[in-house]
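In what follows, a single structure is set out as structure tokens and then discussed.
Both ligands and their constituent atoms are indexed starting at 1 by order of listing.
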Amino acid sequence: MLAVQNLTVKYHQFTAVKGIDFEVKCGEFFGICGPNGSGKSTILRAINGISAYQGDIWLEGQNIKEFSPGERARHIAVLPQHIDLSFAFNVKEMVKMGRYAHQKGLLKSWLSKDEERVNAAMQLTSIEHLAERDITTLSGGEMQRVFLARAIVQEPQLLLLDEPTNHLDIAQQMKLLERIYHLSKSEGLTIIGIFHDLNIAGLFCDRLLMLKDGEVQTIAAPEDALNEPLLESIYESPLIRRDHPKTPAPSINMQRKVNKETMKITRKLAKGQHWEIECYPPMKFLGNQGLRNPFEWKSKILIGKPTDQQASPYVMLNIDGDFESIKWYENREGPFSGEIKIAKKHDDVQCVIVLFDGIIVETDYLKLFQIISCMIAKHIKRPIVDVPVLIGATIQEPRINFKKISSWLETALEIELK
Ligand SMILES: Nc1ncnc2c1ncn2[C@@H]1O[C@H](COP(=O)(O)OP(=O)(O)OP(=O)(O)O)[C@@H](O)[C@H]1O
């Protein structure tokens, strides 16, 4: 449908887009992602005929350089990133302007077909109730939807979206993109969209072009394009990729850099009954009471007999009685890099501590849960849920954090609580 060949765009001495090639199929939802200034909008401007370029851009086999402005408007519509308003129109008038390229003759007449298109686009973008409003009084999100409606009434073959979800709240983003996606699949509208939100791009786009410094890094389906090493090299920022829990799409998480100076682990004996261990940054824990509780981020571990378990800031290792005869056993069962430590007292399992060096996902916890349950079951006759289990995963600078916390826990249980 669209073929971009050896596209180069220069602004004076600066080359913003460097000889790139790509093709977009009819009805495809094609995303362009990349850092600020990587050349995304420049590519759209070239396709829309606003920026001068070298190379060739073909739309349905026709070189777009040969399009007249009217032809271009009938084939390509744009939702721009910045909307400057010099004149005040009401919303409906603004949307109607999108039909201009379709009106024929010197005295352009407004037909019922034009009215239908405008109404349908206003419905699609949920702006019917704003029809009479002066556009200068709209919020950023409302304005975005008005300009999208204007682009849709153009009935283009190709719709160019420059950050379409800019200014929109989460619900409006999803609504808008579902509608646009539907247009691409039901009516064969081809869409090229620029996205900063990689998760949104991964959810909706059929393929992604990843751009850096005006050069294509990859063009692939989201599951291949959004891979950790590539993203880290493009954005020069740590990112973690997981799978979306319910949809076959990648889910990208931003990762904060940890300042080692702010990592600390302290402990103190509180009320002579239990030990509090504080670790920063927090760890992800499973369980306050045996194997029953869900996952949570905690920075405080309480070892001993807690008094109030409701709304506790601690993750608790609920240990009763004397610790004198506790013995630690290390176990490396299962596909995990962490250690499973079993504390036994008089040959009965007293508690289980599992610490991971690194991030694990909740499904790993569940696998681990099964392994631990089996292990405990081999050693005890009472219900497994009675055995306190502390499962934690350290994040960021994992080795240091893991070793520290692991040794603190051991020391606290073996020596200090005797
Ligand atoms: N008219 C211009 N004159 C000079 N340089 C320009 C012009 N327009 C864009 N540039 C430069 O070209 C580069 C690419 O700009 P472009 O707007 O295409 O980036 P982008 O990837 O869309 O960025 P953003 O994500 O910030 O919108 C940037 O370095 C920008 O400063």
Handout entry: Proximity of Ser41 to ligand 1 by residue part, where a heavy atom lies under 4.0 Å
Key = both
Practice task
Assign the ring pair His75 / Phe67 to parallel, tilted or perpendicular, where the plane angle (0 to 90°) is split at 30° and 60°.
Solution key: parallel
Exercise for the section: Would you mind listing which atoms of ligand 1 come within a distance below 4.0 Å of any non-hydrogen atom of Gly39? Expected result: 14 (C), 18 (O), 19 (O), 20 (P), 21 (O)
Handout entry: Lys92/Glu115 salt bridge by N-O under 4.0 Å criterion
Key = yes
Handout entry: Main-chain N/O of Phe14 paired to His12 side chain as donor or acceptor, under 3.5 Å
Key = no
Exercise for the section: Go through Tyr100 and Arg150 one step at a time and tell me if the side chain to side chain contact (heavy atoms under 4.5 Å, CB included) criterion holds. Expected result: CA-CA 10 Å; Tyr100 188 75; Arg150 192 179 73 162; over 6 Å; no
Exercise for the section: Distance to 0.1 Å, residue and atom name: give those for the protein heavy atom nearest to atom 29 (O) of ligand 1. Expected result: Phe14 CE2, 3.6 Å
Problem - Numbered atoms and elements of ligand 1 in range of His196, under 4.0 angstrom, heavy atoms - result: 25 (O)
Completion exercise
atom 26 (O) of ligand 1 has as its nearest protein heavy atom Asn36 ND2, 2.9 Å
Problem - Pro35 neighbourhood, listing ligand 1 atoms whose heavy-atom distance to it stays under 4.0 Å - result: 21 (O)
Problem - atom 9 (C) of ligand 1: the protein heavy-atom neighbour that sits closest, reported with distance to 0.1 Å - result: Tyr11 CE1, 3.3 Å
Handout entry: Nearest protein heavy atom under 4.0 Å from atom 14 (C) of ligand 1, yes or no
Key = yes
Handout entry: Pick from Ile194, Asp162, Thr42: the one approaching atom 18 (O) of ligand 1 most closely through a non-hydrogen atom
Key = Thr42
Completion exercise
Applying side-chain contact (heavy atoms from CB on, under 4.5 Å) to Ser186 and not counting sequence neighbours gives His182
Exercise for the section: Under 4.0 Å from a heavy atom of Arg45: give me the atoms of ligand 1 that qualify, with their elements. Expected result: 8 (N), 9 (C), 17 (O)
Handout entry: Sub-4.5 Å side-chain heavy-atom contact between Arg45 and Val78
Key = no
Handout entry: Residue, atom name and distance, where the atom is the protein heavy atom closest to atom 21 (O) of ligand 1
Key = Lys40 NZ, 2.8 Å
Practice task
Look at atom 23 (O) of ligand 1 and say which protein heavy atom is nearest, naming residue and atom and giving the distance to 0.1 Å.
Solution key: Gly37 N, 2.8 Å
Handout entry: Check ion pair Lys212-Glu236 (N to O, under 4.0 angstrom)
Key = yes
Handout entry: Any protein heavy atom nearer than 4.0 Å to atom 31 (O) of ligand 1
Key = no
Practice task
May I ask you to decide whether Arg99 forms a salt bridge with Glu155, counting only side-chain N to carboxylate O separations under 4.0 Å?
Solution key: yes
